[in-house]
Amino acid sequence: MQLKQFTRIQDTPLQQDVFDGIQYFPECGGIGIFVGTVRNHHEGKAVKALKYTAYAPVAEKMIRQIEQEIQAEYDVSYVRVVHRIGSLDIGDIAIIAMAYASHRREAFQACEKVVERVKHEVPVWKEEFYMDGSSQYVEGCCIRRDQGSDHHTHRKHVHTHNCTDAHKSEKLPLNLIQPDVPVYQWPL
């Protein structure tokens, strides 16, 4: 069977029909699906809309690599993720992840893990626009795994992964390239 080929970073509304159907995986009895949408609040501020930007060539490669790693780690038959970029309104779909496995537990675990890895490792940035007219890039988690260990908390969840704290005090715009600021490169 030939699996569907689709880009993992898309600038049009996301649809579940880009994923391969479960009927092509007769060994699977469980489907894990996550659909992430734009919510109307963040840390006490009313959100009007948001905009995702990405370094698409690297983001594509990294998502595909993460999918393969999660598929092997959880011994599941299928793991795919698609992430939206561009301007999104409240309720728009920002990410869809799907995993097929023999049993529900593995499907749910693989789906959750692939979303966490994409969120924390892939070069996709989110700018939120608030009802009061202000906007800001949302501080994401570290996307570098080659530095010392880091443990930090986001409102309702905790992460432990490799990260350097050096970047946390810097508030540089993501679209500004400065020659004296180190630029991290991801292999293509």
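Every value quoted in this text rests on a predicted model; they were computed, and no experiment measured them.
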Answer yes if [X] and [Y] sit in the same cluster of Ile, Leu, Val, Met, Phe, Trp and Tyr residues linked by side chain heavy atoms under 4.5 Å apart, and no otherwise.
X	Y	result
Phe34	Met62	yes
Met131	Val38	no
Tyr55	Ile85	yes
Val18	Tyr78	yes

Can you measure from [atom1] ([X]) to [atom2] ([Y]) and round to the nearest 0.5 angstrom?
X	Y	atom1	atom2	value
Leu50	Tyr130	CG	OH	9.5 Å
Asp75	Glu106	CG	CD	8.0 Å
Ile66	Glu73	CD1	CD	11.5 Å
Arg80	Met98	CZ	CE	11.0 Å
Asp20	Gln5	CG	CD	8.5 Å
Lys113	Arg117	NZ	CZ	6.5 Å

Which heavy atom in Ala110 sits nearest to a heavy atom in Ala99, and how many Å separate them? CB-CB, 4.0 Å
Indicate the atoms forming the closest heavy-atom contact of Lys4 with Asp17, along with that distance.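 That would be NZ-O, 2.6 Å.
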Given side chain to side chain contact (heavy atoms under 4.5 Å, CB included), test Glu43 with Val138 step by step and report yes or no. CA-CA 10 Å; Glu43 295 185 354; Val138 176; over 6 Å; no
Keeping to residues at least two apart or across chains, list the ring-ring contact (aromatic ring centres under 6.0 Å, His included) pairs with something in residues 57-76.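 Passing the test, one end in residues 57-76: no pairs.
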More than 12 heavy atoms of other residues, nucleotides or ligands under 6.0 Å from CZ of Arg105: yes or no?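 It does not: Arg105 CZ has 12 such atoms or fewer within range.
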Between Gln71 (side chain) and Ser77 (backbone), is there a donor-acceptor pair under 3.5 Å? yes
Assess whether side chain to side chain contact (heavy atoms under 4.5 Å, CB included) is satisfied between Ile96 and Gln16, documenting all intermediate values. CA-CA 7 Å; Ile96 303 174; Gln16 289 185 30; 4.1 Å; yes
Can you name the salt bridge (Lys or Arg N to Asp or Glu O under 4.0 Å) partners of Glu67, sequence neighbours left out?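 Partners of Glu67 by the salt bridge (Lys or Arg N to Asp or Glu O under 4.0 Å) criterion, ordered by chain and then number, come out as Arg8.
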Ring pair (Phe, Tyr, Trp, His ring centres under 6.0 Å) partners of Phe19, counting only residues at least two apart: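 Listed in chain order: Phe6.
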Testing Val118, Val124, Val82 for side chain to side chain contact (heavy atoms under 4.5 Å, CB included) with Ile95, which one passes? Val118
Test side chain to side chain contact (heavy atoms under 4.5 Å, CB included) on Thr7 and Glu60 and set out the steps. CA-CA 7 Å; Thr7 57; Glu60 280 284 331; 3.3 Å; yes
Would you say the side-chain atoms of Ser134 and Lys45 include a donor-acceptor pair closer than 3.5 Å? yes
